[in-house]
Amino acid sequence: MKFFSIYLLVFLACGPSERGDNKKQSPGSLITEHFVLTWNPEETSSEEIESASTFCEEIHAKLAEVIGLDRMPERKIIVSFNGEGMRANGRKIPPNVDASGRINLYRFRGDYLDPFAHELVHAIRINRIPYWERFFEEGLASAIADLVYPEATGFPLYGYERSKITSYLMQQDYFISLGEMRSRHRELNLKCQLQTYIPREDFFCYLRVKYGTEKLLEFANSGKTNQIELYKDVWGKSFAALGSEWKNFTLALHSEEEVKRAGEEYFEKTAAKYIPICR
């Protein structure tokens with residue numbers, strides 16, 4: 001697979017000079033094989049875009065291997081690099097995919113690309129599936145992103161071992177059950193983001209590892225992800241039974257001392273300490 005980043009320096013110095021199918025370029029815009037990258041040169045450097053152009057194509061290739069090339073969109077996906085995610089007024093703008101399928105990235109801790117794999121899963125599905133079940137789509141994006149880009153060190157885990165932080169959360173009185181997360185997704189997902197993103201990601205990663213990626217994709221491609229009965233049809237157990245199985249497995253993975261130490265350190269030493277907990 002070809003990546004189209006090496007002409008960036010010429011592009012930034014001379015402006016648009018080539019009109020090939022995959023090489024068109026103009027200030028603040030770069031077209032690669034599968035993406036259209038856009039940015040404001042006053043907010044985003046040429047080095048960041050050069051690195052991003054290669055990275056995005058690499059993740060696209062890895063994702064295609066997992067879900068199948070036939071499920072990747074034929075159109076080029078727009079990826080916008082929008083500067084700092086933490087604004088001067090204290091407002092935080094999270095990465096997202098809009099209704100058109102555009103990926104909007106923001107820089108956190110000096111990095112744009114940590115959430116890209118997660119957002120790419122959303123971007124390729126948002127206009128290609130018959131029903132958008134929000135709880136599942138977030139879990140699927142996290143589980144697939146963990147498979148294609150396990151090196152991520154940003155939100156929500158900031159480099160900590162997911163099973164330890166999940167186990168720590170499970171033992172707190174503010175733990176939110178999977179059933180509540182699913183039924184109240186729109187209300188709780190961002191408001192209580194540490195309590196939703198981490199356990200939900202761990203649950204769907206557990207299903208992927210224990211039962212195989214093909215089962216997860218079978219569920220994802222069923223067109224019926226909103227039907228809770230589908231969990232039993234695909235995995236042979238009810239949603240509640242799978243949740244109990246996952247919780248018991250996770251709590252047995254590590255000693256109480258390990259979990260307590262990791263959880264307390266996570267909330268003391270990472271950006272998690274600035275994220276409110278719903279009680």
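Remark: of the listed residues Phe136, Tyr211, Phe135, Trp246, Trp246 is the sole one forming a ring-ring contact (aromatic ring centres under 6.0 Å, His included) with Phe203. Phe81 pairs in a ring-ring contact (aromatic ring centres under 6.0 Å, His included) with only one of the listed residues (Tyr112, Phe35, Trp39, Tyr106), which is Tyr112.
Contact of the Lys215 side chain with the Leu207 side chain is not registered, since no non-hydrogen atoms from C-beta on lie closer than 4.5 Å. Taking 4.5 Å as the limit, every side-chain heavy atom of Phe204 sits out of range of all side-chain heavy atoms of Ser142. At least one side-chain heavy atom of Thr270 sits less than 4.5 Å from a side-chain heavy atom of Tyr160. Proximity of Arg102 to Thr38: side-chain heavy atoms (C-beta onward) are separated by under 4.5 Å at one or more points. A 4.5 Å side-chain heavy-atom check between Pro95 and Ile103 finds every atom pair outside the cut-off. In this structure the side chain of Leu194 never reaches within 4.5 angstrom of the side chain of Ile165, judged on heavy atoms. Side-chain contact between His34 and Lys76 is absent, with no heavy atoms from C-beta onward closer than 4.5 Å. By the 4.5 Å heavy-atom criterion applied to side chains, Lys210 and Phe249 are not counted as neighbours.
Taken to the nearest 0.5 Å, the CG atom of Leu169 stands 5.5 Å off from the OH atom of Tyr174. In this structure, the separation between CD1 on Ile93 and CG on Leu105 is 12.5 Å, given to the nearest 0.5 Å. Here OG1 of Thr44 is found 8.5 Å from CD of Glu84. Values are rounded to the nearest 0.5 Å. Going from atom OG of Ser80 over to atom CG of Asn40 covers 11.0 Å, rounded to the nearest 0.5 Å. The line from NZ of Lys92 to CD of Gln193 is 5.0 Å long, rounded to the nearest 0.5 Å. Note that OG1 of Thr250 and NZ of Lys164 are 13.5 Å apart. Values are rounded to the nearest 0.5 Å.
Of all non-hydrogen atoms in Arg208 and Ala143, the two that sit nearest each other are NH1-O, 2.7 Å. Between Leu113 and Cys56, the closest heavy-atom pair is CD2-SG, 4.5 Å. Scanning both residues, Arg162 and Cys205, for their nearest heavy atoms gives NH2-CB, 3.4 Å. When all heavy atoms of Ser163 and His254 are compared, the closest pair comes out as OG-NE2, 2.7 Å. Across all non-hydrogen atoms, the minimal contact from Gln195 to Met181 is O-CE, 3.5 Å. Nearest heavy atoms, Val148 versus Ala117: CG2-CB, 3.9 Å.
In terms of hydrophobic clustering, with Ile, Leu, Val, Met, Phe, Trp and Tyr side chains grouped at heavy-atom distances under 4.5 Å, Ile144 and Val209 are assigned to different clusters. In this structure, Ile126 is not a member of the same hydrophobic cluster as Tyr131, with clusters built from ILVMFWY side-chain heavy atoms closer than 4.5 Å. Tyr168 and Phe175 fall within the same hydrophobic cluster, defined by Ile, Leu, Val, Met, Phe, Trp and Tyr side-chain heavy atoms under 4.5 Å apart, directly or through other members. Linking Ile, Leu, Val, Met, Phe, Trp and Tyr residues whenever their side-chain heavy atoms come within less than 4.5 Å places Tyr231 and Leu217 in a single cluster. Linking ILVMFWY side-chain heavy atoms closer than 4.5 Å, directly or via other members, places Ile277 and Leu157 in a single hydrophobic cluster.
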Start with the C-alpha gap between Glu265 and Arg261, add the side-chain angles, then the distance that decides, and say whether salt bridge (Lys or Arg N to Asp or Glu O under 4.0 Å) holds. CA-CA 6 Å; Glu265 188 176 283; Arg261 182 169 58 250; over 6 Å; no

Walk me through whether Ser222 and Leu230 qualify under side chain to side chain contact (heavy atoms under 4.5 Å, CB included). CA-CA 9 Å; Ser222 68; Leu230 188 65; 3.0 Å; yes

Steps toward side chain to side chain contact (heavy atoms under 4.5 Å, CB included) verdict (Tyr149, Leu120): CA-CA 12 Å; Tyr149 186 54; Leu120 182 58; over 6 Å; no

Passes side chain to side chain donor-acceptor pair (under 3.5 Å), Glu57 versus Ser53? Steps please. CA-CA 6 Å; Glu57 289 291 350; Ser53 65; over 6 Å; no

Stepwise side chain to side chain contact (heavy atoms under 4.5 Å, CB included) test for Ile228 and Arg182: CA-CA 10 Å; Ile228 200 167; Arg182 184 177 183 275; 3.7 Å; yes

Give the C-alpha distance, both sets of side-chain angles, the deciding distance and a yes or no for side chain to side chain contact (heavy atoms under 4.5 Å, CB included) between Leu253 and Glu258. CA-CA 10 Å; Leu253 277 176; Glu258 286 181 288; over 6 Å; no

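Counting only distance, with no hydrogens or angles, the side chain of Asn248 and the backbone of Ser244 share a donor-acceptor pair below 3.5 Å. Thr153 places no side-chain N or O within donor-acceptor distance of the main-chain N or O of Gly159, the cut-off being under 3.5 Å.
Remark: Phe108 pairs with no residue by the ring-ring contact (aromatic ring centres under 6.0 Å, His included) rule, at least two apart or across chains.
Around the CD atom of Glu43, the shell of radius 6.0 Å holds more than 12 heavy atoms that belong to other residues, nucleotides or ligands. Surrounding NZ of Lys269 are at most 12 heavy atoms belonging to other residues, nucleotides or ligands under 6.0 Å away. Annotation: Glu151, atom CD; neighbour count of heavy atoms from other residues, nucleotides and ligands within 6.0 Å is above 12.
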Sequence neighbours excluded and cut-off under 3.5 Å, please list the side-chain donor-acceptor pairs for residues 61-75, or say none.
| unit_1 | atom_1 | unit_2 | atom_2 | d |
| --- | --- | --- | --- | --- |
| Arg75 | NH2 | Ala123 | O | 3.4 |

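A cation-pi arrangement, defined by a distance under 6.0 Å to the six-membered ring centre and an angle within 45 degrees of its axis, is present between Arg200 and Tyr197.
The residues Arg109 and Asp114 are annotated as not salt-bridged, no charged nitrogen and carboxylate oxygen being separated by less than 4.0 angstrom.
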